[in-house]
Amino acid sequence: MNLTCEFCRRDRNNQNDTNWKRHIESCQKKNKRQKVNLDGFFKKTNKISTSIQRSDMMVNVDASSPSSSTVKTSIDKLELSCKNSVTAISSPSENLSQMQYIASSELSTNHFDSDKLVELDSFDKNKSNDENILMDEKSEAPSPTTDHDYQLLSNDLTKISVDDILTEKEVEGPIPSPTTDYGQSDSRTENDPVRFSNTNKRLSFEEKKYILNLGASQPTSQQMPFQKFPKTNKYSFHPQWYTRTLPDGSIGYRKWLSYSISCDKVFCLYCMLFGKSPKKAWVYDGVSRWKDGNHMLTFHETSSIHIAASIDATIHEKCSPILPALEEKKKIDVQTNRVVVKQLIDITLFLGKHGLAFRGHKEKWTDSVHGNFKDLVILLAEYSPVLSSYITLLKDKGKSMTSLISWQRQNQLIDAISNSINNSILQEVKNACVFSISIDTTFDISRQEQVSFIVRYVDESNGMIYERLLAMCSTASTKSETLFNIFKEVFNKTCLDWKKNLIGQSYDGAANMRGEYNGLQVKIKNENPHAVYIWCWAHRLNLVVEQGVASCLEAVDFFGILGKVFDFICSSKNRVFLFDKNQKMRNPKLPVRRLKRVTTTRWSSHSTALGTILLTWESLVDTLEDIWTSEASSDASSFLSYFQSERFLYTCFLFKHIFSILDPLSKTFQAKDVDLITATSMIRSKKEQLLKLREDFKSIAIEVKQFIENHKDEHFTPLPQKRTRKRKMMPGEQAIDEPISDPLTNFKYHTFYVVLDIIYSQISQKFNESTLSIFKDLSLITKKRILEIKTDNKKLPSDAFESVASIYSKYFNAEMLRTEFIWLVSCFSDLEKTICLPKYLHKDNKTYSDSESHNSDSESDEELILKDHIEDFTNSSSLIYIFKLICSSNIRFTLPNIYMLVKIAVTLPVSSASTERSFSKLKLVKTRLRSTMAESRLEGLMRIACEQDIEINTDSVINNFAKNSSQLLKLLT
């Protein structure tokens, strides 16, 4: 059974079931009686005349009164409105709903300047449709109402009070009688409590101040329609209830009591604004029990909830003059705190970009060293008054003040900056629509396996290619199944649709990555056939170099001795000192160099080790001689004899020439903006250079002789003369192989040719274009092929673009590609001319030399213009050149299929070198002293260190930082 009466809202308290049931039945009967139609309260007429005469509405106005003209104007407006209402209705029953009455503009005792008020009509969200209909001054047809409703004209219609125009006795015709539905009219004053009684939102200080300034709605009988309060069940509201007699006999005003003209109910203004769990009747529904009104009011104003709300309202009114000043001070404090946090963000970015530690061993204010972060804060405080005052205040208050430089706040700043960078990356990837991925793993200093995810995409606005760190996480296993699960988790977290937009993937040659049956690339292709796998070209080239340095005995001995010399010299501090000393004596103006270790996993390590040996050969020989003399070391003697031999020199200069060809290729493959066609063309050119080197052994012999002549003081051991072995002639042999007696010829055939042939064959085997069928289609979209097909369109193969269209069938088809390609070929020259302005607009103004004049005769004007004016696109044979050309000329909407093909081509990865670069950053960020770093902090610092070129929005970082706690939210917002 309910504990509260649903009719009178009284509590059951200690009443038994019988009494409570009687009470409910009594209230139910009263409620039924209240619903009786009180049509007899007003004088009624069954019919309304279709023409309203002025005599029908008698108004006693003195002609000499200064307001007589205003009264006349108002009556004319009323008459016109009534005529429009009568002509608009179609039945007598609608007359009652269309009748309008003039209300006074001063229905409330409290009025304020309208320019200083704020709009509060938004408080009426939860009212019913009938209660939310507001009168429109420009509307000609009034809103429909029921037979028991009546409306008051808006205050702008007239400025005359009801007493000056109408009385109940002077009106003839049907007059709606007020009932309990009295509130359905829209005659609400500005401070009518119904306007803000049903709001569910938390009111601001300005809104509460506005409502308190309006005050409670306390109209008198003279201000009511017909100078009376409507009756409900023979009872009505009494204006005497606005006051009460205090125990000392004085009169007190109930400022909280607010009467609603629109619904004939009273509300508690203070409970509405400041009540904590107030009664619903006094705040939302309203109270209209006029029979026991005194008891009702006394009972409410003596309740604890009302008393607490009244005290809060009194304090609010007393403190309102100083609250704006406090609000202004709070805004100043917030801006000051945001300036402090902005400087802390700059410090965090500085430390993160340089891979420096944040914290120190001891960070108390009394310590001399506080860690990099706090020391930079103290340093900047000397030049920043805002930061200096904050540090001083923090030192004085200590833990009682919210700190912005604690280790928790440092982690939160790192997370906020990292999230900002990550959001920028994700937004750029989503704008690019298609992307590719590179994944690799490494072992960090804490013996954990770290997985790096690099995403590759293009920016259509400038035609640039980007490779960004998407995520870095740890794993306990490097199996393909585990890596695939991590792959899916990363893309679910970043909300990137890899099944739809991933077009390429690049890994190293490990079995768990490259495996044809159970590798990671196969698992991804099973769910996304468009994700073409490309074996990292940089890793392939490194395998070629490894095969070359192990191709023959001389090569193995050469790099083996280089590794042993590194260990021999660097294992002793005295030997390192001698090596440095000899370098300074030999070349005092050149920097001191260190010997390099030869490793198989580090790219170009063989080349750098060889280069260091050549640059410091004299100092190295002097060091070995000093060690042999002082230590009598047999190792030093053997190393010295090797470095002073022609065997060393010929092998050294051979690999010097080989590395001069392969090193630029390795650096190109490690670049971010290289595409597949550029890489293929470079492989082709390097193979041609290797063939030329194979035919030019004399150049190596000349360099060796020149080196020996430059070091006449040294004695070089000539190439060893190998003993000729006599071999018995076997049956069936008609001739015996002629032995090679010349040492130089022997080196040429058994070392020079062997090394070059193995390197050439390995390049041809590992960089075979047939392994990726789309190479042939993509090679057509190069400047060379375009100009070739321009001369004769029949040179375009009939099955062009078939392979790439079968792989990426969701983006284009082969027929459309061939059609658009022909259009691109026809306008290619014109597009190139639009890249930039010519250097000379008038050829006659340019002074030519004789050689230039000769060249101008042999070359056309168009070729000269293109040669002089295309400066920004350095590699005209690459797909990037074509992509930038299409983007700059804005023909991507004209040739959408060709544009999408070129976009996919430049998005496909060539290598996974960016993952290796992220591992280099990992070694700087996670060091031996920072090996216990949490994974979330490590990922944030890695993102800051790797993506230094991304500009962050400081305001958004501060807002994200403030969301970490309610205290920060108060300080920064």
Side-chain angles (χ1 to χ4, degrees), residues 421-440 451-473 483-484 486-507 513 520-521 523-537 671-677 679 772 774 778 804 807-812 879-880 882-884 886-887 892 896-897 899-918 939 942-943 946-947 949-950:
I421 296 175
N422 191 42
N423 292 336
S424 300
I425 295 174
L426 294 179
Q427 186 60 43
E428 292 177 356
V429 173
K430 292 177 181 178
N431 293 338
C433 297
V434 294
F435 61 90
S436 59
I437 192 73
S438 298
I439 304 175
D440 203 354
V451 186
S452 177
F453 291 83
I454 300 294
V455 61
R456 178 185 174 98
Y457 60 93
V458 296
D459 189 352
E460 298 179 356
S461 61
N462 53 19
M464 298 297 294
I465 301 175
Y466 295 100
E467 291 184 355
R468 304 290 191 186
L469 178 64
L470 185 64
M472 176 165 283
C473 52
L483 294 177
F484 184 57
I486 296 176
F487 172 85
K488 292 189 291 185
E489 290 177 3
V490 168
F491 278 92
N492 290 336
K493 182 180 178 181
T494 55
C495 299
L496 294 177
D497 191 357
W498 65 274
K499 294 183 180 180
K500 179 181 178 181
N501 299 324
L502 180 63
I503 61 167
Q505 46 182 330
S506 176
Y507 319 121
M513 296 288 193
L520 176 62
Q521 61 98 4
K523 295 183 181 298
I524 294 177
K525 288 188 70 174
N526 289 337
E527 299 193 26
N528 182 4
H530 309 296
V532 176
Y533 169 68
I534 298 175
W535 185 10
C536 174
W537 288 48
K672 296 180 181 180
D673 56 349
V674 65
D675 59 82
L676 292 173
I677 301 304
L772 199 60
I774 63 175
L778 296 180
V804 69
I807 297 175
Y808 300 106
S809 57
K810 61 180 292 186
Y811 297 108
F812 36 69
L879 288 175
I880 299 178
I882 305 297
F883 181 70
K884 290 184 177 181
I886 295 176
C887 291
R892 54 185 176 180
N897 293 281
Y899 171 74
M900 195 64 193
L901 175 60
V902 178
K903 183 178 180 180
I904 290 176
V906 298
T907 305
L908 288 174
V910 175
S911 69
S912 59
S914 293
T915 58
E916 304 295 341
R917 280 189 285 269
S918 66
E939 185 179 17
M942 283 294 299
R943 192 169 282 124
C946 294
E947 311 303 337
D949 59 327
I950 295 181

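Because the structure is predicted, anything quoted here is derived from the model rather than measured.
Taking both residues in full, the closest heavy atoms of L483 and V451 are given as CD2-CG2, 4.1 Å, listed atom of the first, atom of the second, then distance. Nearest heavy atoms, Y533 versus W535: OH-CA, 3.7 Å. Contact record, S438 with T915: O-CG2, 3.7 Å, taken as the closest heavy-atom pair. Summarising the geometry of S424 relative to I950, their closest heavy-atom pair is CB-CG2, 4.0 Å, with the distance given to 0.1 Å. Contact record, A471 with V490: CB-CG1, 3.8 Å, taken as the closest heavy-atom pair. Minimum interatomic distance between S918 and M472 (heavy atoms only, all atoms of both residues): OG-CE, 4.2 Å.
One distance of note links CG of D497 with CG of N501; it measures 5.5 Å at 0.5 Å rounding. Here CG of L496 is found 10.5 Å from CD1 of I425. Values are rounded to the nearest 0.5 Å. Here the CG atom belonging to L502 is positioned 6.5 Å from the CD1 atom belonging to I524, to the nearest 0.5 angstrom. Rounding to the nearest 0.5 Å places CG of L879 at 12.0 Å from CD1 of I904. Taken to the nearest 0.5 Å, the CD1 atom of I454 stands 11.0 Å off from the OG atom of S911. Once rounded to the nearest 0.5 Å, the distance linking OG of S912 with CD1 of I437 reads 11.5 Å.
Remark: E460 pairs with R892, K903 by the salt bridge (charged side-chain N to carboxylate O under 4.0 Å, His left out) rule, at least two apart or across chains. Evaluation of the salt bridge (charged side-chain N to carboxylate O under 4.0 Å, His left out) rule for K672 yields no partner, not counting sequence neighbours. Partners of E527 according to the side chain to side chain contact (heavy atoms under 4.5 Å, CB included) rule, which considers only residues two or more places apart in sequence or in another chain, are F484, W498, K499. Partners of N431 according to the side chain to side chain contact (heavy atoms under 4.5 Å, CB included) rule, which considers only residues two or more places apart in sequence or in another chain, are Q427. Qualifying ring pair (Phe, Tyr, Trp, His ring centres under 6.0 Å) partners for Y899, counting only residues two or more places apart in sequence or in other chains: F883.
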Between S436 and T907, is a side chain to side chain contact (heavy atoms under 4.5 Å, CB included) present by the stated rule, with each step listed? CA-CA 6 Å; S436 59; T907 305; 4.2 Å; yes
V429 and T494: CA distance, side-chain angles, deciding distance, side chain to side chain contact (heavy atoms under 4.5 Å, CB included) verdict: CA-CA 11 Å; V429 173; T494 55; over 6 Å; no
Take C473 and F453, measure what side chain to side chain contact (heavy atoms under 4.5 Å, CB included) needs, and give me the verdict at the end. CA-CA 9 Å; C473 52; F453 291 83; 4.0 Å; yes
Evaluation steps, side chain to side chain contact (heavy atoms under 4.5 Å, CB included), between Y808 and V532: CA-CA 10 Å; Y808 300 106; V532 176; 3.2 Å; yes
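A heavy-atom distance below 4.5 Å is found between the side chains of I503 and Y811. For the pair L676 and V910, the minimum side-chain heavy-atom distance is below 4.5 Å.
Between E939 and R943 a salt bridge is recorded (basic side-chain N to carboxylate O distance below 4.0 Å).
Surrounding NZ of K488 are more than 12 heavy atoms belonging to other residues, nucleotides or ligands, all under 6.0 Å away.
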Please list every donor-acceptor pair under 3.5 Å in which a side-chain atom of residues 462-470 meets a protein atom from a residue at least two apart or in another chain.
| from | atom 1 | to | atom 2 | distance (Å) |
| --- | --- | --- | --- | --- |
| N462 | OD1 | M464 | N | 3.0 |
| E467 | OE1 | S914 | OG | 2.2 |
| E467 | OE2 | R456 | NH1 | 2.7 |
| R468 | NE | Y457 | OH | 3.4 |
| R468 | NH1 | E947 | OE1 | 2.9 |
| R468 | NH1 | D949 | OD1 | 2.7 |
| R468 | NH1 | D949 | OD2 | 3.1 |
| R468 | NH2 | D949 | OD2 | 3.3 |

